[in-house]
Structures are given as structure tokens and as C-alpha cells.
2 protein chains.
Amino acid sequence: MNSSGSTKERILGAAEVLFAQHGFDGASLRQLTTAAGVNLAAVNYHFGSKDKLVEQVFRRRLDALNQHRLAELAKVVGQPQTTLEDVLAAYIRPALELSHDGNGSLFMRVLARAFAEHDDTLRQFLSENYGHVMRQFTAEFARLLPQLSKPELYWRIDLVTGALTHAMSGFGMIQRKSDVSEQVHREQTAQHLIRFAVAGLSHP
Amino acid sequence: MNSSGSTKERILGAAEVLFAQHGFDGASLRQLTTAAGVNLAAVNYHFGSKDKLVEQVFRRRLDALNQHRLAELAKVVGQPQTTLEDVLAAYIRPALELSHDGNGSLFMRVLARAFAEHDDTLRQFLSENYGHVMRQFTAEFARLLPQLSKPELYWRIDLVTGALTHAMSGFGMIQRKSDVSEQVHREQTAQHLIRFAVAGLSHP
DNA sequence: TGTCGGTTCAAACGATCGTTTGAGCATACG
DNA sequence: CGTATGCTCAAACGATCGTTTGAACCGACA
């Protein structure tokens with residue numbers, strides 16, 4: 001295990017797993033480097049510090065996630081009749097599909113943990129780097145739900161976000177026996193999330 | 001500040017604040033005892049260990065919270081026409097009212113953080129000590145939503161829990177200027193949460 | 001007054017943390 | 001061949017952590 005890829009990638013992979021399991025402070029560099037099969041000093045050599053490593057763990061996944069989200073959003077808004085389900089699917093499915101490769105499944109727990117920690121540094125980082133994605137989705141929600149006032153809409157989006165974060169953090173906790181059942185479970189989760197979000201967003 | 005009450009109570013109060021701000025590992029006993037105005041050794045003398053202190057911080061608030069919840073639930077199920085709103089209010093309002101005294105407002109962030117950390121020890125503690133509360137509420141939901149299958153109901157309750165946890169964790173982050181605006185904000189939060197949860201639970 | 005259980009105190013303990021260091025190794029280039 | 005460069009390694013650094021220790025303090029009671 002962990003015997004493939006460059007040292008940097010082995011560290012990133014092990015970091016994602018251990019951060020999800022024990023938290024950012026809870027996972028020590030000694031655990032981490034041992035699991036990755038690299039020397040203790042490798043983290044500071046390749047990343048500069050533990051904090052920079054945390055940032056890189058986030059960047060690697062979130063860049064791909066939000067790129068995927070925007071691409072899916074662009075697909076559906078180009079259609080003649082965009083529905084709320086379509087937009088929500090563009091928001092939700094890419095997040096759940098992050099768990100397609102084995103390691104990625106733990107990333108959502110890393111993200112959920114980061115959200116809960118309310119660390120201003122991390123929240124600012126998320127807002128600065130990926131705020132425009134949220135803004136695009138919010139604008140689309142506003143267009144599809146014109147009857148809602150701005151504050152009302154923000155409230156509902158916030159509650160939907162909470163439900164999504166919660167579901168994602170629990171997602172992938174159970175080790176699935178096969179890829180096919182994993183896929184089925186992901187599809188079920190997406191269906192439940194989307195229907196729930198539609199109801200929560202559009203109720204009178 | 002922190003010059004009133006017994007040593008144990010001063011520690012519990014300071015612990016709640018610092019655990020919410022910096023996490024369980026992030027808040028050190030030296031910070032904590034300094035903020036409480038007590039000696040460093042006082043934690044180990046009165047609580048045995050830091051872990052025991054964490055458990056006591058949880059017990060003190062959760063005992064009151066769940067007692068309050070069950071009392072409110074008993075009120076509404078005694079009525080001739082129990083509504084979904086009533087049951088949700090019995091579940092949600094006591095949690096938001098925990099922030100009535102100044103220190104308590106941070107406890108919900110402690111709880112949200114604990115949820116996100118997915119620590120099996122802590123989850124087992126919560127399940128063992130307060131699982132019966134959740135079971136009673138679930139039974140009431142099942143009674144009011146007979147059209148839903150068991151798995152479907154569990155899914156929706158889980159998503160509602162996510163939204164509640166998320167909203168509670170953000171609640172009380174902004175320091176309100178007065179008690180009255182605090183009260184207004186809590187009432188608005190409760191209203192949004194309840195209406196959102198009703199829509200999410202009862203959609204066809 | 002003497003002493004005794006409960007509590008507080010400064011100081012130290014060993015462990016573990018993130019980080020730094022300098023030597024050693026490997027590969028590529030003149 | 002010599003050496004320059006990128007990387008790995010064991011070892012150590014200072015800081016901070018939770019916990020323990022033993023003396024000092026204090027009101028209550030005989």
C-alpha cells in the first residue's frame with residue numbers, strides 16, 4: 001500500500017485519509033508520513049509546513065469538484081427549460097462522485113469537519129477561492145424561485161447546504177463490498193438529497 | 001469575569017466557551033484554567049482528566065436539553081390534534097433556547113463540532129445516553145407521516161438533522177447588541193427551520 | 001488549640017508535537 | 001571523472017501538551 005506515485009502524491013493521499021479520520025490537529029505528521037511510507041521531513045520539504053499541506057489537500061479536491069459543478073451547471077442552464085432539479089443535481093452529484101475513487105470518499109468528511117470547525121482562516125480560504133461557484137448557483141436559484149425574497153432564499157439555501165454537508169459527511173462511512181453497490185448507494189443518496197432540497201427550497 | 005461560582009462551575013463555563021472556539025484538542029488546559037481563573041491542576045483534581053471534563057460539559061447541557069425536549073413533546077402529543085409543526089417545534093426550540101444564557105449559545109457549536117468529528121466514542125456516548133429521545137421523536141414522526149416507508153422516513157429525518165445541526169452551529173456566531181434582538185433572531189431561526197423541515201419531511 | 005479532610009498552588013514529569021539540521025544518496029550534466 | 005542538484009534520511013531542537021507531585025492553605029470540629 002502507498003507504494004505508488006511520487007512522494008508528494010503519497011503524502012497527499014495519506015493526509016486525506018488521516019485528516020478525515022482524526023482531524024487536522026489529531027493526525028500527526030509522524031502518523032501521516034509513516035502511513036505514506038515516506039520520511040518525516042518530507043512534508044516540510046515538499047509543502048513547507050503542515051498548514052500548507054492542509055491547504056493543498058483542499059485545493060486538489062475542491063478545484064476538481066467546483067470545475068465539475070460549473071460544467072454541469074453550464075449544461076443545464078443552456079437548455080430551454082431549466083428545472084430546480086437540474087440545478088440541484090449539478091450542485092450535488094459532483095460532490096457525491098468525489099467518492100468514486102477510494103480515497104476521495106473520505107474527503108467529504110474532511111470538508112464537513114472543516115465546516116464545523118468554523119475556522120475563520122479556512123472559511124476565508126473557501127470563500128475567496130470558491131465563492132464565485134456558490135454565487136453562480138445562488139443566482140440560478142433566485143431566477144428559478146422569483147417568488148422568494150433575498151433573505152428568504154439565503155435562509156433556505158443555507159439549510160439545504162446543512163443537509164448536504166451532513167449527508168456527505170456520512171457518505172462512504174460504510175465500506176461497500178462492490179463498485180456497483182457503491183454506485184447504487186450514491187444514486188439513492190443523490191435522489192433523496194435532490195427531492196428533499198426541492199421541497200425545502202420551493203415550499204410556499 | 002469568571003469570578004463567581006465554584007471552581008468546578010467556573011471550569012465548565014470556560015471549557016464550553018473555549019471548546020467551541022478552538023475545539024477539544026485545540027483548547028489546552030492551560031488556556032482553559034487561565035480563563036477560568038483557577039489553577040492548572042484543578043481540572044485533574046475535580047474531573048480526573050480532560051476527557052472526563054469534555055464528558056461533563058456535554059452532560060450538563062444535554063441533560064437539560066433533552067429533558068426540555070421530552071417535556072415539550074409530551075405537551076403536544078397530549079393534545080387532540082397533534083401537527084408536524086408542533087413536534088418539530090418541540091425538537092427545535094429547546095435547542096435554540098440553550099443560547100438564552102450567554103455561555104450556552106456556544107454549546108451548539110461544541111455539539112456540531114462533535115458531530116463532525118465522527119468520533120465513535122462520542123457518538124456512542126450520545127447514542128447511549130440520549131438515543132431514547134430521538135427514538136420517541138422518530139416514533140411520533142412515523143405516526144404523523146404514515147405514508148412514508150421506514151427507510152424513507154429515516155432518510156428525511158437524517159437530512160432534517162443535518163439542516164438543524166448546520167443552522168445551530170452558525171447560530172449565535174454574531175454577538176447581538178441586546179437580548180431582545182437575540183430573541184427575535186432565535187424566533188426567526190426557529191420559524192425558518194420548522195417550515196423547512198415540514199416541507200422536507202412531508203413532500204410526496 | 002490542635003488536627004484533619006478538602007482544596008489550591010507552583011513546579012516538575014515524560015510524552016508528543018511541528019520543524020530544522022546536516023550528512024548521505026542518487027541521477028544528470030560538463 | 002568530478003560535481004552539481006534534488007531528494008531522503010536519522011537525529012535532534014524547542015515548545016507545548018496532559019498529568020502528577022508534595023507542600024501550603026483553610027474552615028470545621030473536638
Side-chain angles (χ1 to χ4, degrees), chain A residues 1-60 110 113-114 117 119-122 125, chain B residues 1-60 110 113-114 116-122 125:
Chain A
M1 193 190 293
N2 283 319
S3 58
S4 64
S6 69
T7 297
K8 282 187 75 165
E9 284 166 4
R10 291 227 299 278
I11 291 174
L12 284 170
E16 204 169 68
V17 174
L18 289 177
F19 285 160
Q21 286 178 345
H22 306 111
F24 305 113
D25 289 342
S28 72
L29 291 185
R30 283 167 177 84
Q31 286 182 283
L32 205 156
T33 51
T34 300
V38 304
N39 186 267
L40 169 60
V43 169
N44 285 279
Y45 178 79
H46 285 284
F47 296 94
S49 68
K50 187 180 182 178
D51 284 341
K52 299 273 186 63
L53 170 61
V54 171
E55 187 181 310
Q56 288 298 321
V57 168
F58 273 80
R59 269 195 203 283
R60 187 173 66 149
V110 176
R113 185 186 287 268
E117 290 190 2
D119 183 2
D120 284 339
T121 305
L122 209 46
F125 165 78
Chain B
M1 194 188 293
N2 282 321
S3 57
S4 64
S6 69
T7 297
K8 283 188 75 166
E9 283 167 4
R10 292 226 299 276
I11 291 174
L12 284 170
E16 204 170 66
V17 174
L18 290 177
F19 286 160
Q21 286 178 346
H22 306 112
F24 305 113
D25 290 343
S28 72
L29 291 186
R30 285 169 177 82
Q31 287 181 284
L32 204 156
T33 50
T34 300
V38 303
N39 187 266
L40 169 61
V43 169
N44 284 279
Y45 177 79
H46 286 284
F47 296 93
S49 69
K50 187 180 182 178
D51 284 341
K52 300 275 187 63
L53 169 61
V54 172
E55 187 180 311
Q56 288 299 320
V57 168
F58 272 80
R59 269 195 202 284
R60 188 174 65 149
V110 176
R113 185 187 286 270
E117 289 190 3
H118 277 105
D119 183 2
D120 284 340
T121 305
L122 211 44
F125 166 77

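The sequence lines fix the lettering, A, B, ..., with proteins before strands; numbering per chain opens at 1. In what follows, every heavy atom counts, from backbone to side chain, and hydrogens, waters and symmetry copies are set aside.
The minimum heavy-atom distance linking Val43(A) with Ser49(A) is given by the pair CG1-O, 4.3 Å.
Counting non-hydrogen atoms under 4.0 angstrom, Ala42(B) reaches nothing in the nucleic acid.
Side-chain proximity of Leu40(A) to dC9(C), dT19(D), dA12(D): nearest is dA12(D). For Asn39(B), counting side-chain heavy atoms from C-beta on, the closest listed nucleotide (dT21(C), dC9(C), dC17(C)) is dC9(C). When distances are taken from the side chain of His46(B) to each of dC17(D), dT7(C), dT19(C), the shortest belongs to dT7(C). Closest to the side chain of Ala41(A), out of dT7(C), dT20(C), dT19(C), is dT20(C).
Both Ser28(A) and Gly48(A) lie near DNA chain C, and the one whose nearest nucleotide falls closer to the 5' end is Ser28(A). Between Arg30(B) and Val38(B), the one whose closest nucleotide on DNA chain C sits nearer the 5' end is Val38(B).
If you take NZ of Lys50(A) and C1' of dT19(C), they are 12 Å apart, rounded to a whole angstrom. Protein atom CZ of Phe47(A) is 16 Å distant from nucleotide atom C1' of dG6(D), rounded to whole Å. As a whole-Å value, the separation of Tyr45(B) OH from dG22(D) P is 16 Å. In this structure, Gln31(A) atom CD and dC17(C) atom P are separated by 7 Å, rounded to whole Å. We find that NZ of Lys8(A) is positioned 11 Å from P of dT8(D), with the value rounded to whole Å. Taking atom CG of Asn44(B) as the reference point, atom P of dT19(D) lies 5 Å away to the nearest angstrom. Rounded to whole angstrom, the span from the CG atom of Leu29(B) across to the P atom of dT8(C) amounts to 16 Å. Spacing between atom CG of Leu18(B) and atom C1' of dC17(D) amounts to 15 Å, rounded to whole angstrom units.
Of the candidates Val57(A), Val38(A), Leu29(A), Ile11(A) forms a side-chain contact (heavy atoms from CB on, under 4.5 Å) with just one, namely Val38(A).
Atom NZ in Lys50(A) sits 6.5 Å away from atom OG in Ser28(A) (nearest 0.5 Å). In this structure, the separation between CD on Glu16(B) and CD on Gln56(B) is 12.5 Å, given to the nearest 0.5 Å. In this structure, Thr7(B) OG1 and Tyr45(B) OH are separated by 10.0 Å, a value rounded to the nearest 0.5 Å.
Residue Thr7(B) places at least one side-chain N or O under 4.0 Å from the OP1 or OP2 atom of dT8(C).
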